[in-house]
Amino acid sequence: MYVRHLQLVDFRSWEKVDLALQPGPTVFVGRNGEGKTNLVEAVGYLATMSSHRVSADAPLVRHGAGQAVVRAALRREDRELLVEVEVNPGRANRVRVNRAALPRPRELLGLVKSVLFAPEDLALVRGDPAERRRFLDDLLVSRTPRLAGVRSDYERVLKQRNALLKTARMARGDALATLDVWDAHLVELGGQLLAARLALVADLAPHVARAYATVAGAGGAAAGLGYSSTVPLAGDGAPLVPDAPTPRAAELSAALRERIAERRRDEVDRGMTLVGPHRDDLVLHLGAVPAKGFASHGESWSLALALKLGCFGLLRADGEEPILVLDDVFATLDAGRRAALAGVARSAEQTLITAAVLDDVPDELRGARVEVGEGTATLAGTVEEGPGA
């Protein structure tokens, strides 16, 4: 898959930009603050319906505008796909595919495949568990779009249950009787989400291990993945054993139900749900120890890169050819990591790269070039205007 044409209206700094793109590597080059990242961020948004830089949609709309539009023509083998997203902060977004409106925006998820590596991804190694949960769930939905509904329904039930627990803490009585209904929904959806995450971690682990060995070079510790859960059956964070069976959704739901019963008094006292996949963590290992708190700065960068290259390899193994987006990362990598990343980027059907200086990009990736600056994006001698950049 590759983006053949990208058009933005009132997206981030761009009032309007219209770019024809092509397969292979394309470098967006320009000084910081000129809007390079905004261009590739839009491509990532089509894949995940979210930004890698902010948690809400409002910052994606240009100051003074009421909505933003991201429109892309994509090629997948011999088929063309026209995707259009209207970003409407405070209101429902609207999505069209081949000019037909989708009933729910989340139905776009899984249609556009991309893997983005950016400086913010260091938080996958050093940041809070929420970063790693989001990473897992975004990849889950990309591979299995129906899980977007499970994820959304789980978050809705969790919100309602937490609201009820706060009421129960103050009033008790009838509120606790209603809690059983929400418990049933939570354990059913939570079991499905846990089973899907565990299967994903098992599938992803060998790809991450191979990518880390390539990036870190000979002599480094082996990278591994584990899953740490509030439900003991789902994992204690230890590195996964290859080919070990994973629990089924029904088993996990039963274990989740039992654990919720054990923690009921604590939940009522604290007014919040203490058990479930919303409190779990993906544990990254280097050798026998967790990477967080033990990995050096260089090892952390290697592991963050290996996670994203592992995603790329996994989607390819599924029979997909994702768009690879590299946002301002080559300047932060040493020669070995640059070479490893360039090797994968060179093999991708389309790689979109941002850089402040062209010299930061390896020679073999200097294909098409888009020069970004002073409100314009210039491709192969053609000026693509964006007066709000």
Presence of salt bridge, [Y] and [X], under 4.0 angstrom:
{"X": "R96", "Y": "E86", "value": "yes"}
{"X": "R264", "Y": "D180", "value": "yes"}
{"X": "D327", "Y": "K36", "value": "no"}
{"X": "R79", "Y": "E77", "value": "no"}

Is a side-chain N or O of [X] found less than 3.5 angstrom from the main chain of [Y], in a donor-acceptor match?
{"X": "R366", "Y": "V361", "value": "yes"}
{"X": "E321", "Y": "E349", "value": "yes"}
{"X": "H285", "Y": "G237", "value": "yes"}
{"X": "T230", "Y": "R279", "value": "no"}

Using distance only, find each side-chain donor-acceptor pair of residues 205-219 under 3.5 Å and give its atom names and separation, not counting sequence neighbours.
residue	atom	partner	partner atom	Å
H207	ND1	R210	NH2	3.3
T214	OG1	R210	O	3.1

Does the side chain of [X] come under 3.5 Å of the side chain of [Y] through a donor N or O and an acceptor N or O?
{"X": "T273", "Y": "N162", "result": "yes"}
{"X": "S347", "Y": "R316", "result": "yes"}
{"X": "S50", "Y": "R134", "result": "yes"}
{"X": "T48", "Y": "D138", "result": "no"}

So the salt bridge (charged side-chain N to carboxylate O under 4.0 Å, His left out) pairs with at least one residue in residues 290-306 (sequence neighbours excluded) are none
Practice problem: Determine whether more than 12 heavy atoms belonging to other residues, nucleotides or ligands lie under 6.0 Å from atom CG of D243. | Solution: no
### Query
Any side-chain heavy-atom pair from K308 and D121 closer than 4.5 angstrom?
yes
How are the rings of F117 and W301 set to each other: parallel, tilted or perpendicular (split at 30° and 60°)?
perpendicular
- Task: Using the salt bridge (charged side-chain N to carboxylate O under 4.0 Å, His left out) rule, take D269 and R265 through it: C-alpha gap first, then chi angles, then the decisive distance, then the call.
- Result: CA-CA 6 Å; D269 288 343; R265 178 173 295 180; 5.7 Å; no
